[in-house]
Protein chains: 2
Amino acid sequence: MLKNGPVPRYYQLKEIIRQKVTGGQWGPGTPIPSERELCEQYGISRMTARQSITELVNEGYLYREQGKGTFVAQPKITQQLIQLTGFTEDMEARSKRPATQVLNRAMVPADAATATALRIKPGQLLFRVQRLRLANDEPLAVETSLINFIGCEHLMDEDLGHESLYQLLEKKYGQPPLEADQELEARLAGDEEARWLKISRGDPVLLIRRTTYTDRGQPLEFARSFYRGDKYRFYTRLHRK
Amino acid sequence: MLKNGPVPRYYQLKEIIRQKVTGGQWGPGTPIPSERELCEQYGISRMTARQSITELVNEGYLYREQGKGTFVAQPKITQQLIQLTGFTEDMEARSKRPATQVLNRAMVPADAATATALRIKPGQLLFRVQRLRLANDEPLAVETSLINFIGCEHLMDEDLGHESLYQLLEKKYGQPPLEADQELEARLAGDEEARWLKISRGDPVLLIRRTTYTDRGQPLEFARSFYRGDKYRFYTRLHRK
DNA sequence: TGGAACAAGTGGTATATACAACCTGACCAG
DNA sequence: CTGGTCAGGTTGTATATACCACTTGTTCCA
């Protein structure tokens with residue numbers, strides 16, 4: 001019997017089911033209890049149980065077959081790695097020790113490419129920070145972020161060597177990053193990248209351009225990163241239709 | 001007033017709203033009619049209207065704010081390009097003329113890495129096809145696909161130079177690809193890739209490893225592709241939480 | 001003038017109910 | 001043995017209703 005409290009019932013049930021799936025209690029391919037059974041077991045209505053299941057289906061944990069039932073999906077390999085994360089969270093998911101070195105920061109006017117990505121007029125003042133990213137004390141990437149929101153100039157006073165930019169944006173500035181579009185490209189390292197990443201000119205690097213959006217779909221950040229090709233792989237998941 | 005017919009009402013309303021959003025009739029940031037207004041306008045219940053809106057929110061067209069309303073989101077740049085597509089569909093979305101040249105095909109036993117990706121035992125017979133992919137008559141990628149499902153040996157008889165592998169799997173073999181996990185890595189071209197792609201050894205290439213799953217989460221295909229770094233960018237979208 | 005209280009609007013959660021569409025197995029007639 | 005029908009299970013769609021949580025504007029009192 002689920003309790004009426006601060007946590008919605010559909011969410012309580014969702015977590016119970018997710019536990020059984022990720023905990024291996026219900027293996028891949030096995031049918032979960034039918035919607036009507038769940039109603040009765042947990043003393044909730046069918047529509048509520050359906051909401052729990054629907055969200056888990058959208059998240060890829062379950063799949064439905066009309067007339068037959070709802071089943072546990074095969075777990076995906078990259079389940080953990082396709083979320084929008086800052087560098088710090090990304091490294092922790094890969095069990096590496098992250099570190100950051102701020103190379104420089106300034107308020108700068110937007111150039112044409114940046115203005116297009118952020119959907120603003122060229123020349124508008126943005127906060128720019130360039131950071132060297134390390135994993136287990138080795139340079140892994142060099143990243144240039146441009147941030148645009150009302151009040152972004154206060155970022156000049158933050159300690160971005162130790163505080164997560166995304167955490168700051170969310171908790172302190174009320175600008176939670178929700179989604180990002182990314183473009184990936186294979187390149188050869190130029191002199192500048194090679195120097196920072198401690199590799200040779202002509203070594204392979206992964207160039208990632210990222211535009212980050214808030215929950216309103218408003219562009220918040222445009223970033224350009226060079227990752228060492230020999231030390232970094234990018235994971236993603238694609239969906240049909 | 002929505003009709004009761006083969007198309008569900010929630011889906012009819014969903015398409016109506018999507019049209020107004022993508023057609024520019026409702027610009028970004030503008031509020032759409034409230035759920036209660038939509039009920040009345042279209043003669044449906046609130047839960048039905050909610051289902052339409054919920055799906056559009058999940059697809060990124062709208063966003064909700066409790067107590068305020070539902071609004072049109074800013075359109076994303078890569079909206080078209082982040083779906084799971086075969087090479088042919090991918091090129092069409094980029095307005096390039098795709099072509100394919102089958103280099104070889106065979107039934108081969110799975111090696112260790114492939115067996116892990118496809119979750120099968122090493123040594124199991126798989127269908128393998130290696131194809132050169134061209135865009136506007138220029139070599140763009142060389143791709144090796146390994147396919148595993150019961151009956152995959154019949155693929156030996158198909159004309160994969162002109163027929164889409166994904167279309168075949170879906171329409172003729174009842175194995176619709178639904179999702180894929182991908183790994184991307186920047187590399188330097190080796191002699192073999194360089195020869196096929198008409199580039200030089202040491203030029204940058206994007207190595208993509210892809211595992212494709214059916215709607216049951218069953219691994220269906222494991223593919224390894226080398227894309228010319230100077231002619232191809234990969235797009236993706238990330239979500240928080 | 002300031003602030004508290006209230007009302008009306010929004011989306012969020014939840015219930016109870018009904019029928020349609022689809023799948024499976026059991027049963028029966030030919 | 002084959003094929004059709006039917007019953008009983010499943011998910012899919014849809015309605016009507018209720019209350020909660022949150023936002024905004026107004027009203028009114030101190």
Side-chain angles (χ1 to χ4, degrees), chain A residues 1-17 26 29-73 174 176 178 215-217 241, chain B residues 1-17 26 29-73 174 176 178 215-217 241:
Chain A
M1 221 50 149
L2 299 182
K3 289 173 198 166
N4 194 355
V7 179
R9 299 186 198 205
Y10 84 89
Y11 194 84
Q12 294 178 47
L13 177 57
K14 183 180 167 185
E15 288 311 309
I16 289 172
I17 297 175
W26 293 343
T30 60
I32 73 166
S34 76
E35 297 175 354
R36 283 176 177 81
E37 281 179 295
L38 289 170
C39 306
E40 207 172 327
Q41 271 187 44
Y42 293 98
I44 57 178
S45 82
R46 185 173 159 221
M47 292 301 282
T48 303
R50 257 183 91 74
Q51 184 171 0
S52 313
I53 295 172
T54 299
E55 296 196 0
L56 289 168
V57 168
N58 286 337
E59 292 170 22
Y61 292 98
L62 307 174
Y63 63 93
R64 296 202 238 235
E65 288 192 42
Q66 182 170 154
K68 297 179 72 175
T70 305
F71 305 84
V72 178
L178 186 74
D215 55 355
R216 289 164 170 72
K241 274 268 286 238
Chain B
M1 221 51 149
L2 299 182
K3 289 175 199 167
N4 193 357
V7 180
R9 297 193 220 240
Y10 83 89
Y11 194 84
Q12 295 178 46
L13 176 56
K14 183 179 168 186
E15 288 310 308
I16 290 173
I17 297 175
W26 292 345
T30 61
I32 73 166
S34 78
E35 298 175 352
R36 287 171 176 84
E37 280 178 295
L38 288 171
C39 307
E40 206 172 327
Q41 270 187 45
Y42 293 99
I44 57 180
S45 82
R46 185 172 160 219
M47 291 300 283
T48 304
R50 256 183 91 75
Q51 184 171 357
S52 312
I53 295 171
T54 300
E55 295 196 1
L56 288 168
V57 168
N58 286 337
E59 292 169 22
Y61 291 98
L62 306 174
Y63 63 92
R64 295 201 239 235
E65 288 192 44
Q66 183 171 154
K68 297 179 73 175
T70 304
F71 305 84
V72 178
L178 186 75
D215 54 356
R216 288 164 170 70
K241 272 268 288 233

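Heavy-atom basis, side chains included; hydrogens, waters and symmetry copies ignored. Nothing here was measured: the structure is a model prediction, and the numbers come from that model. Residue numbers start from 1 in every chain, and the chains themselves are labelled A, B, ... in the order their sequence lines are given, proteins ahead of strands.
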With side chains defined as the heavy atoms from C-beta onward, is the minimum distance between A/Trp26 and A/Ile17 less than 4.5 Å? yes
Is the closest side-chain heavy-atom distance between A/Ile44 and A/Leu13 below 4.5 Å? yes
Just how far is it from atom OG1 of A/Thr54 to atom NZ of A/Lys14, taken to the nearest 0.5 Å? 10.5 Å
Can you tell me how far the CZ atom of A/Arg9 sits from the OG atom of A/Ser52, to the nearest 0.5 Å? 11.5 Å
Over how many whole Å does the gap from [X] atom [atom1] to [N] atom [atom2] extend?
X	N	atom1	atom2	answer
B/Glu37	C/dG11	CD	C1'	13 Å
A/Gln12	C/dT13	CD	P	12 Å
B/Lys14	D/dA14	NZ	C1'	17 Å
A/Tyr10	C/dA14	OH	C1'	12 Å
A/Gln66	D/dT11	CD	C1'	5 Å
A/Leu38	D/dT10	CG	C1'	13 Å
B/Glu35	D/dT15	CD	C1'	15 Å
B/Tyr63	C/dT10	OH	C1'	14 Å

Check: B/Arg64 side chain, C/dG12 base, donor-acceptor under 3.5 Å: no
Does the side chain of B/Lys68 get closer than 4.0 angstrom to OP1 or OP2 of D/dT24 through an N or O atom? yes
Tell me whether the OP1 or OP2 atom of D/dT11 has a side-chain N or O from A/Thr70 closer than 4.0 Å. yes
From D/dT11, C/dA14, D/dA14, nucleotide with atom closest to A/Ser34 side chain: D/dT11
Checking contacts here: which listed nucleotide (C/dC22, D/dT13, C/dT10) is nearest the side-chain heavy atoms of B/Arg36? C/dT10
Can a donor-acceptor pair be found, under 3.5 Å and without considering hydrogens, that links the side chain of B/Gln12 to the backbone of B/Val7? yes
Any sub-3.5 Å donor-acceptor pair from A/Thr70's side-chain atoms to A/Arg64's backbone N or O? no
Just to be sure I understand the geometry, which residues of residues 44-54 of chain B put a non-hydrogen atom under 4.0 Å away from DNA chain C? B/Arg46, B/Met47, B/Arg50
Before giving the answer on side chain to side chain contact (heavy atoms under 4.5 Å, CB included), spell out for A/Tyr42 and A/Ile16 the whole-Å C-alpha distance, their side-chain angles and the decisive distance to 0.1 Å. CA-CA 11 Å; A/Tyr42 293 98; A/Ile16 289 172; 3.7 Å; yes
Once side-chain hydrogen bond (donor to acceptor under 3.5 Å, both in side chains) is applied, do any residues pair with B/Gln66, and if so which ones, sequence neighbours excluded? none
Would you work out how much the helix from C/dT1-D/dA30 to C/dG30-D/dC1 bends between its ends, with each end axis defined by five base pairs, to 10 degrees? 10°
For B/Gln41, does the CD atom have more than 12 heavy-atom neighbours from other residues, nucleotides or ligands under 6.0 Å away? yes
